[in-house]
Trainee: 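Quick one: structure below, then a few questions.
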Amino acid sequence: MIGDTTDTQYPRAIAVINNSYRLPMISVEVEHNSFFQADTFRIKAPMGALKTYDPQWWSRQNELQVAIYMGYVTDPAHFSEGNLTPRLLGEADQVEMEWDSQELRITGRDLTARLIDAGSEQTWMNLTADKVVSAIAKKYGMTASVQTPPNAEAIGNFLGSDWTHLEHRSAWDLLTYLANNTVSNKDHWVCYVKWNTLYFGPRPSTQATTIRWPWDVQTLRTLRNMVVSKDITVEIEGWNAQTGTVIVGSVSSSGHTAIGCTYIYVEPGISPSEAIKKAQTKIAQLISHELSAHIT
């Protein structure tokens, strides 16, 4: 919904570094990605205003936690993060100093980065999926918002032979696998991080966002992906070593007359029912990118 506004309010943002330093900013960008991906941020600050937090201080930090707040204030000269909305809590991936323009630039990801960079553990195999999510959240300094899955068995039994593909992958790979393979009401579950909370459960309902035009929006673009708008097919191929046969699960999108691409994924040691289930998951992910919008 886009409408006019006559409110006298000013857009403002604050970035708090390591829970203490409020960074003076030239600009800040936060990009909220889809489920199963990390949100990202980019900050630009004047080096001349860093004062005691000089280049040497930035070069000595092993970790930089970044809390970004955004919103509207009535007094643009006097406000704090308490007047704004928490938008992203994350960690810096890169600190860049541009000496010719005297600008400090920080880029990073939300706390999903901790899980992407962390390995899986054998000790989780005896826990159910909801207990695994809670254990991972606690280990990496997050709270958990978890629902109990319909199939509440130990993930070691749930994963079966797939654990051999996940044991050397990240904790995030394990969580997204568990979510992708959990279904309730014919809908696959999702896993994502918001601020410092790790969510695991059914996909939340879609809510409309109110954008005030023209004061907030600089650019607005809507896109349609013509590749996934066609009738596409996903095939999952697997090999049954006992019978020496190839297992194929195939699912197509419906409602389109134009024939599109066929996507083929190989999953060893899979049953026919598992192949169909994985094909349904993959095609749901592909067609979700047909329509998108970019707003500045």
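This structure is a prediction, so every number in the text was calculated from the model and none was measured.
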Trainee: Could you pull out every donor-acceptor pair under 3.5 Å between side chains of residues 191-198 and any protein atom, sequence neighbours left out?
Mentor:
| from | atom 1 | to | atom 2 | distance (Å) |
| --- | --- | --- | --- | --- |
| Thr197 | OG1 | Thr143 | OG1 | 2.9 |

Trainee: Linking I/L/V/M/F/W/Y whenever any side-chain heavy atoms sit under 4.5 Å apart, do Tyr69 and Tyr10 land together?
Mentor: yes
Trainee: Under a 4.5 Å cut-off applied to non-hydrogen side-chain atoms, are Ile155 and Leu127 in contact?
Mentor: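 No, too far: nothing below the 4.5 Å cut-off.
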Trainee: Identify the residue among Leu104, Ile26, Val30, Ile68 that makes a side-chain contact (heavy atoms from CB on, under 4.5 Å) with Ile43.
Mentor: Ile68
Trainee: Could you state the interatomic distance from CD (Glu98) to NZ (Lys44), rounded to the nearest 0.5 Å?
Mentor: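 Interatomic distance, Glu98 CD to Lys44 NZ, rounded to 0.5 Å: 7.5 Å.
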Trainee: Is it the case that more than 12 heavy atoms not belonging to Glu96 sit under 6.0 Å from its CD atom?
Mentor: yes
Trainee: Using side-chain heavy atoms (C-beta onward) and a distance below 4.5 Å, is Glu91 in contact with Leu111?
Mentor: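 Glu91 reaches Leu111 side chain to side chain.
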Trainee: Specify the closest pair of heavy atoms between Ala13 and Val28, including all atoms of both residues, with the distance to one decimal.
Mentor: CB-CG1, 3.6 Å
Trainee: If I compare all heavy atoms of Pro55 with all of Met47, which pair ends up nearest, and what's the gap?
Mentor: CG-CE, 4.3 Å
Trainee: What about Trp189 and Trp124, same hydrophobic cluster or not, with Ile/Leu/Val/Met/Phe/Trp/Tyr joined at side-chain heavy-atom distances under 4.5 Å?
Mentor: yes
Trainee: With a 4.5 Å heavy-atom cut-off, do Asn18 and Val66 have their side chains touching?
Mentor: no
Trainee: Between Glu81 and Arg22, is the closest basic N to carboxylate O distance under 4.0 Å?
Mentor: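 Judged by the 4.0 Å cut-off on N to carboxylate O distance, Arg22 and Glu81 do form a salt bridge.
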Trainee: What closest approach, in Å, do Val251 and Gln280 show between heavy atoms, and which atom pair accounts for it?
Mentor: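 For Val251 and Gln280, the tightest heavy-atom pair comes out as CG2-CG, 3.8 Å.
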Trainee: Check whether any side-chain heavy atom of Asp117 lies under 4.5 Å from a side-chain heavy atom of Ser170, and answer yes or no.
Mentor: no
Trainee: Is there a side-chain contact between Asn83 and Arg12, using heavy atoms and a 4.5 Å cut-off?
Mentor: no
Trainee: So which heavy atom on Gln147 is nearest to which on Asp130, and how close?
Mentor: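 Here Gln147 and Asp130 meet closest at O-CB, 3.8 Å.
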Trainee: Can you confirm whether more than 12 heavy atoms, excluding those of Gln56, are under 6.0 Å from its CD atom?
Mentor: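 No, CD of Gln56 has 12 or fewer neighbouring heavy atoms, counting only those of other groups under 6.0 Å.
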Trainee: At what distance, to the nearest 0.5 angstrom, does NZ of Lys131 lie from CD1 of Ile136?
Mentor: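 If I round to the nearest 0.5 Å, the distance is 14.0 Å.
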Trainee: Hydrophobic clustering (ILVMFWY, side-chain heavy atoms < 4.5 Å, transitive) - are Leu50 and Ile17 grouped together?
Mentor: yes
Trainee: So, do Ile232 and Thr262 sit near enough that their side-chain heavy atoms are less than 4.5 Å apart?
Mentor: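 No. Closest side-chain heavy atoms not under 4.5 Å.
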Trainee: For a quick test of reading the model, state the closest non-hydrogen atom pair linking Pro76 to Thr74 and the distance between them.
Mentor: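 It is CD-O, 3.5 Å.
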Trainee: Taking the side chain as every heavy atom from C-beta outward, state whether Phe200 and Ser145 have any pair of such atoms under 4.5 Å apart.
Mentor: no
Trainee: Answer yes if Met70 and Val16 sit in the same cluster of Ile, Leu, Val, Met, Phe, Trp and Tyr residues linked by side chain heavy atoms under 4.5 Å apart, and no otherwise.
Mentor: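 Unlinked, Met70 and Val16 end up in two clusters.
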Trainee: Could you tell me whether the side chain of Val190 reaches within less than 4.5 Å of the side chain of Tyr199, counting heavy atoms only?
Mentor: no
Trainee: Would you please test Leu84 and Phe79 for side-chain contact (heavy atoms from CB on, under 4.5 Å) and show each step?
Mentor: CA-CA 8 Å; Leu84 304 173; Phe79 65 93; 4.2 Å; yes
Trainee: Taking it one step at a time, do Ser250 and Val234 satisfy side-chain contact (heavy atoms from CB on, under 4.5 Å)?
Mentor: CA-CA 6 Å; Ser250 179; Val234 169; over 6 Å; no
Trainee: With rounding to the nearest 0.5 Å, note down the distance linking CG in Leu220 to OG1 in Thr222.
Mentor: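 Nearest 0.5 Å value for the CG-OG1 distance: 6.5 Å.
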Trainee: Kindly determine whether Gln65 and Leu89 satisfy side-chain contact (heavy atoms from CB on, under 4.5 Å), including the steps that lead there.
Mentor: CA-CA 7 Å; Gln65 186 182 85; Leu89 179 63; 3.9 Å; yes
Trainee: Can you pull out every ring-ring contact (aromatic ring centres under 6.0 Å, His included) where at least one residue sits in residues 41-63? Sequence neighbours excluded, please.
Mentor: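 Only Tyr21-Tyr53, Tyr53-Trp57 qualify under ring-ring contact (aromatic ring centres under 6.0 Å, His included).
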Trainee: Kindly say whether Asn180 contributes a backbone atom to a donor-acceptor pair with the side chain of Thr281 at under 3.5 angstrom?
Mentor: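 Confirmed, Thr281 side chain pairs with Asn180 backbone.
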Trainee: With a 4.0 Å cut-off, would you call Asp39 and Arg109 a salt bridge?
Mentor: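 Not counted as a salt bridge, because no side-chain N and carboxylate O are separated by less than 4.0 Å.
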Trainee: Please enumerate all residues that pass salt bridge (Lys or Arg N to Asp or Glu O under 4.0 Å) together with Arg42, with sequence neighbours excluded.
Mentor: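 Glu29, Glu31.
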Trainee: Examine Trp172 and Leu88 and state if one hydrophobic cluster contains both, with Ile, Leu, Val, Met, Phe, Trp and Tyr joined whenever side-chain heavy atoms are less than 4.5 Å apart.
Mentor: no
Trainee: Nearest 0.5 Å please: distance from the CZ atom of Arg87 over to the NE2 atom of His32.
Mentor: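 Interatomic distance, Arg87 CZ to His32 NE2, rounded to 0.5 Å: 6.0 Å.
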Trainee: Which pair of non-hydrogen atoms, one from Pro46 and one from Pro24, has the smallest distance, and what is that distance?
Mentor: CD-O, 3.3 Å
Trainee: What do the steps show when you test Ile283 against Thr233 for side-chain contact (heavy atoms from CB on, under 4.5 Å), and what is the final call?
Mentor: CA-CA 7 Å; Ile283 203 165; Thr233 300; over 6 Å; no
Trainee: In terms of heavy-atom contacts, does CG of Asp100 have more than 12 from other residues, nucleotides or ligands at under 6.0 Å?
Mentor: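 It does: Asp100 CG has more than 12 such atoms within range.
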